[in-house]
There are 2 protein chains.
Amino acid sequence: METQNLKKAGLKVTLPRMKILEILERSETRHLTAEAIYRELLDSGEEIGLATVYRVLTQFEAAGLVSRLHFEGNQAVFELERGRHHDHIVCNECGRVEEFFDETIEQRQREMAREHGFQIKDHALVIYGDCMDESCPHRVA
Amino acid sequence: METQNLKKAGLKVTLPRMKILEILERSETRHLTAEAIYRELLDSGEEIGLATVYRVLTQFEAAGLVSRLHFEGNQAVFELERGRHHDHIVCNECGRVEEFFDETIEQRQREMAREHGFQIKDHALVIYGDCMDESCPHRVA
DNA sequence: ATGTATGCAAAACATTTGCACCTGG
DNA sequence: CCAGGTGCAAATGTTTTGCATACAT
C-alpha cells in the first residue's frame, strides 16, 4: 500500500499524507488542483488545512510521487506519478484531461534541443481543444 | 510605425501604449515579464504604473499584438506577435529563450487531438534544458 | 523524547479592479 | 468636450511561511 511509498520517500506516515494519496489514487479525473483535494478532504470530514495540502503535494513532488502541471489558468494541477511519461490534451469547455504519448514528438523535441545547443532536461506539451464527449456541456458537434 | 497597429486595434495612441510597444520591439531577448517592462519604463524615466502595464498588455493580447506565455515560474512572459507560430526552448540556468518550429511536431499534435476526439484549438510546448551558451553562468559544457 | 508535521493566521506574489483624475481626438 | 485611459491603492486568488501545538517513531 501507499505506506510503502511514503516510507520509501523518507516521509513519516501521517494521516494527511495518506488521505491525500488516497484521493489522488481514487480520483476519476486523475488531475486535481490543491483546492479540489482540500474540498474532498473537508467533504470526507477530515480536518486538514489547505496549507498542509500544499506542503504535502510539494513534498510528494520532490519525492517523485506526483507531478505538478501548469495548464492555462492560475492553479497548478497535480497527478499521481505512474512512471510513464505523457503529455496532455485539455478540453477548453469542460476541462476534461486526456493523456497521450507520441514517440515522434519526443524525438523531434530532442532534435530541436540539439539543434539549438540545449541539453534537454524536460518539456511540457499541452494541447487545448474542444472535446466531443457527450458529457461536455459546450460540445459543438 | 506602431501608431498604425494601435489604431488598427481600436486603441487610442497614448504614451504608455507606445512606450510599451517600443520596449517590446527593442528588446534583445524578445520575451519579457510585465515587471521587466515596468522596470524598463521606470529606468527611462516614465511615470507609468504597473497596473497600466498589465492592462495594456492584456489589451495588446486581445488585439493580437502580443502573446502571453506561461513558462515554469509564476510570471507570465510577453512577446511581440509576429505572425509566425513557434514554440519555445528555455534555459533552466540563464533563462534564455529560443524559438523553434517543427512541422512534424505540429502534424503529430493534430493527429493526437484527432485520435482523442478533440477539435484542436491551440497548444503550448516548452522544452526546458541547459544551454551551452558562453554567456550562460551555470554552463556545464 | 524529539524531531517532524500540522493548523491557523499572516505574508508573499502576480495580477486585477475601483475610482478620481487626466488626455487624446 | 467626453469617452476612454491612467495612477494609485486596495482587492483578489494562489501558494508559502512563521509559529505554537500535536504526532509518529
Side-chain angles (χ1 to χ4, degrees), chain A residues 1-23 31-42 44-63 65-78 95, chain B residues 1-23 31-42 44-63 65-78 95:
Chain A
M1 41 266 316
E2 49 259 12
T3 300
Q4 300 308 315
N5 302 322
L6 288 176
K7 283 187 176 151
K8 204 180 304 173
L11 297 169
K12 278 187 188 172
V13 178
T14 65
L15 190 133
R17 285 173 182 160
M18 292 210 299
K19 288 292 174 196
I20 292 173
L21 261 190
E22 267 178 47
I23 288 175
H31 299 84
L32 300 170
T33 62
E35 272 283 338
I37 294 171
Y38 176 58
R39 272 184 279 112
E40 283 211 37
L41 287 167
L42 293 189
S44 51
E46 300 297 338
E47 305 247 321
I48 294 176
L50 180 56
T52 299
V53 175
Y54 275 107
R55 267 186 298 233
V56 167
L57 288 170
T58 301
Q59 293 161 338
F60 282 3
E61 186 190 17
L65 295 175
V66 308
S67 301
R68 183 190 305 247
L69 308 171
H70 302 277
F71 300 152
E72 296 275 322
N74 333 317
Q75 294 127 285
V77 170
F78 298 85
Chain B
M1 43 268 315
E2 49 257 12
T3 301
Q4 301 307 315
N5 303 321
L6 287 176
K7 284 186 178 155
K8 204 180 305 173
L11 297 169
K12 277 187 187 171
V13 178
T14 65
L15 190 133
R17 286 172 181 160
M18 292 212 299
K19 287 292 174 196
I20 291 172
L21 261 190
E22 268 179 45
I23 288 175
H31 300 83
L32 299 170
T33 63
E35 272 283 337
I37 293 171
Y38 177 57
R39 272 183 280 113
E40 281 210 38
L41 287 168
L42 293 189
S44 50
E46 301 297 337
E47 304 248 321
I48 295 176
L50 180 56
T52 297
V53 175
Y54 276 107
R55 266 186 298 232
V56 167
L57 288 170
T58 300
Q59 293 161 337
F60 282 4
E61 186 191 16
L65 295 175
V66 309
S67 302
R68 185 190 302 249
L69 308 171
H70 301 277
F71 298 154
E72 296 275 322
N74 333 317
Q75 295 127 284
V77 170
F78 298 85

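As the structure is a computational prediction, the values presented were derived from the model and not from experiment. A note on names: the letters A, B, ... follow the listed sequences, proteins ahead of strands, and every chain is numbered from 1. Quick note: numbers below take in every heavy atom, side chains included, and nothing from hydrogens, waters or symmetry partners.
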(request) Kindly indicate whether the side chain of A:Arg55 and the base of C:dG7 share any N or O donor-acceptor pair separated by less than 3.5 Å? (result) yes
(request) Test side chain to side chain contact (heavy atoms under 4.5 Å, CB included) on A:Leu11 and A:Arg17 and set out the steps. (result) CA-CA 9 Å; A:Leu11 297 169; A:Arg17 285 173 182 160; 3.7 Å; yes
(request) On DNA chain C, check which nucleotide each of B:Val77 and B:Lys7 is closest to and give me the residue with the more 5' one. (result) B:Val77
(request) Check the distance between D:dT14's P and A:Arg39's CZ and give it to me in whole angstrom. (result) 10 Å
(request) Ignoring the backbone of A:Asn74, work out which of D:dG5, D:dT6, D:dT14 is nearest its side chain. (result) D:dT14
(request) Indicate yes or no: at least one non-hydrogen side-chain atom of B:Val56 is less than 4.5 angstrom from one of B:Ile37. (result) no
(message) For A:Val53 versus A:Ile20, what's the shortest heavy-atom pair and its separation?
(response) CA-CD1, 3.9 Å
(message) Please tell me if A:Thr14 has a side-chain N or O lying less than 4.0 Å from either OP1 or OP2 of C:dT6.
(response) yes
(message) I need the minimum non-hydrogen distance between B:Ala34 and B:Leu50, along with the two atoms involved.
(response) O-CD1, 4.2 Å
(request) Provide, to the nearest angstrom, the distance between the NZ atom belonging to B:Lys19 and the C1' atom belonging to D:dG5. (result) 17 Å
(request) Would you kindly give the CD-to-C1' distance between B:Glu72 and C:dA14, to the nearest whole Å? (result) 16 Å
(request) Give A:Ala34 one of three labels, base, sugar-phosphate or nothing, depending on what nucleic acid heavy atoms sit under 4.0 Å from its own. (result) nothing
(request) Could you check how far OH of B:Tyr38 sits from P of C:dA14, rounded to whole Å? (result) 13 Å
(message) Both A:Arg17 and B:Gln75 contact DNA chain C. Taking the nearest nucleotide for each, which residue is further toward the 5' end?
(response) A:Arg17
(request) Measure from the side chain of B:Val13, starting at C-beta and using heavy atoms only, and say which of C:dG25, D:dT25, D:dT14 lies closest. (result) C:dG25
(request) Could you tell me whether B:Ile48 contacts a base, only the sugar-phosphate backbone, or nothing, with contacts defined as non-hydrogen atoms closer than 4.0 Å? (result) sugar-phosphate
(message) Looking at C:dT16, I'd like to know if its phosphate oxygens (OP1 or OP2) sit under 4.0 Å from a side-chain N or O belonging to B:Tyr54.
(response) no
(request) Would you kindly give the CG-to-P distance between A:Leu15 and D:dA22, to the nearest whole Å? (result) 16 Å
(request) Ignoring the backbone of A:Pro16, work out which of C:dG25, D:dT6, C:dT6 is nearest its side chain. (result) C:dT6
(message) Testing the basics here: between B:Val77 and B:Phe71, what is the closest heavy-atom pair and its distance to 0.1 Å?
(response) CG2-CD1, 4.1 Å
(request) Return no unless some side-chain N or O of B:Thr52 is found under 4.0 Å from OP1 or OP2 of D:dG7. (result) yes
(message) What is the separation between atom CG on A:Leu50 and atom P on C:dA10, rounded to the nearest whole Å?
(response) 16 Å
(message) How many whole angstroms separate atom NZ of A:Lys12 from atom P of C:dT2?
(response) 13 Å
(request) Could you state the atom-to-atom distance from CG of A:Leu57 to C1' of C:dT6 in whole Å? (result) 14 Å
(message) Heavy atoms only, 4.0 Å cut-off, all strands: where does B:Glu47 land among base, sugar-phosphate and nothing?
(response) sugar-phosphate
